[in-house]
**Q** 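One structure, pasted below without further comment.
Whatever order the structure lists ligands and atoms in, that order sets their numbers, starting from 1. Since this is a predicted model, take the numbers as computed values, not measurements.
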Amino acid sequence: MLWVMRFSGFFSAAMVVVVLSPSFQSFPPAEAIRSSQLDTHLRLPSYQASTSLHSLDHRFSFRKASVFRNAEKCCSTGHEITGVCHPSLLHVAITLDVEYLRGSIAAVHSILQHSLCPENIFFHFLVTDTNLETIVWSTFPQLKFKVYYFDPEIVRNLISTSVRQALEQPLNYARNYLANLLEPCVRRVVYLDSDLVVVDDIAKLWSTSLGSRTIGVPEYCHANFTNYFTAGFWSDKRFSGTFMGRKPCYFNTGVMVIDLVKWRRVGYTKRIERWMDIQKTERIYELGSLPPFLLVFAGRVAQIEHRWNQHGLGGDNVRGSCRDLHPGPVSLLHWSGKGKPWDRLDSRRLCPLDALWAPYDLYGHAP
Ligand SMILES: *[C@@H]1O[C@H](CO)[C@@H](O)[C@H](O)[C@H]1NC(C)=O
């Protein structure tokens, strides 16, 4: 298998992309489930990992990114846009935590680099550790952003207390609270996980039509949807009845375009919380933050092209396996799953596609 191959330079990886990309037809749901489980395992609670600002600085030193300026076609120069409510802004929300910081910084870097109008992007960072703001300032001195403190207590009572889920990072659930957290003037947001890079202009994703829907995501209708919920869930009509009249399909919550006006109006946060509340006593699913989103939105989403979430690239570090791209064009590469490209870079056990993440990495001192 080509995948066992060790990394040997950017060009070999780029060739592998070209040669192998049509080979992975489907993404087995069992794999998808395992990926998300491990995702949550890996994220240590940041209150455990957080340290003093001094040692944080020691652990996280990032190079300053280049300054990204608007192209002439942009209709506005960066200086005209002030504040978070300016109508030409495009809004992106990302979590920042100690464990995934390197990934979040690379994600921001990739977005700026591929954007025609980078100065029109406003970043909304969700944190449980406010120290991280300094690192963003020093890495992207020109960046338009705001940091929002997400109180872990908001979800602590809603996360069931099984041993596995006790390990779960509350920040995984922050995406459910964007409508409350973000400024009321923000009407639409692109939510992105921290383990991805965007290799296309995010304005294209941002401007996707959602029609009458509240969220837009790439759907995966070939995945066996049954497996995302327990037998108990399916046998109890009080629960499984929620999917009556819908054609529910799996989707990944790591890339979502959200209409915050509709979300606020309908009160989707509460709907998701209601399922989390049921889960505490009924055990209707095994995973953490994904199933409540599926319960509320599956079969009721605006379809976004699959190019915007080429997920599963994390593969599995323990088995040393690497993942391939799904066929078709690629606008966003997502290292969901257990393995993260920054860990593999450090351990020098790269998967071929990790070479596509590395150019956005700003970690470490200038060479
Ligand atoms: C989906 O998975 C369930 C449970 O594992 C199984 O019973 C069912 O036959 C599967 N459906 C398809 C279409 O593969």
**Q** Atom 14 (O) of ligand 1: which protein heavy atom is closest, and how many Å away?
**A**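 Among all protein heavy atoms, the one nearest atom 14 (O) of ligand 1 is Asn224 ND2, 3.4 Å.
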**Q** Looking at atom 2 (O) of ligand 1, tell me if a protein heavy atom falls under 4.0 Å from it.
**A**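 Yes, at least one protein heavy atom sits under 4.0 Å from atom 2 (O) of ligand 1.
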**Q** Of Leu196, Val217, Asp193, which is the lone residue that meets side chain to side chain contact (heavy atoms under 4.5 Å, CB included) with Val255?
**A**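 Result for side chain to side chain contact (heavy atoms under 4.5 Å, CB included) with Val255: Leu196.
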**Q** Checking side chain to side chain contact (heavy atoms under 4.5 Å, CB included) between His124 and each of Leu178, Val190, Leu181, Val186, which is the one that passes?
**A**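 Single side chain to side chain contact (heavy atoms under 4.5 Å, CB included) partner of His124 among Leu178, Val190, Leu181, Val186: Val186.
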**Q** Can you find a protein heavy atom under 4.0 Å from atom 9 (O) of ligand 1?
**A**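 Under the 4.0 Å cut-off, atom 9 (O) of ligand 1 has no protein heavy-atom neighbours at all.
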**Q** Of all the non-hydrogen atoms in the protein, which one sits nearest to atom 4 (C) of ligand 1, and at what distance?
**A**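 I find the closest protein heavy atom is Asn227 OD1, 3.6 Å.
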**Q** Knowing that exactly one of Phe243, Tyr250, Phe251 qualifies, which makes a ring pair (Phe, Tyr, Trp, His ring centres under 6.0 Å) with Tyr228?
**A**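 Answer after filtering Phe243, Tyr250, Phe251: Tyr250.
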**Q** What I want to find out is whether Arg344 reaches Asp354 closely enough, with some N-O distance under 4.0 Å, to be called a salt bridge.
**A**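 So Arg344 pairs with Asp354 through a salt bridge.
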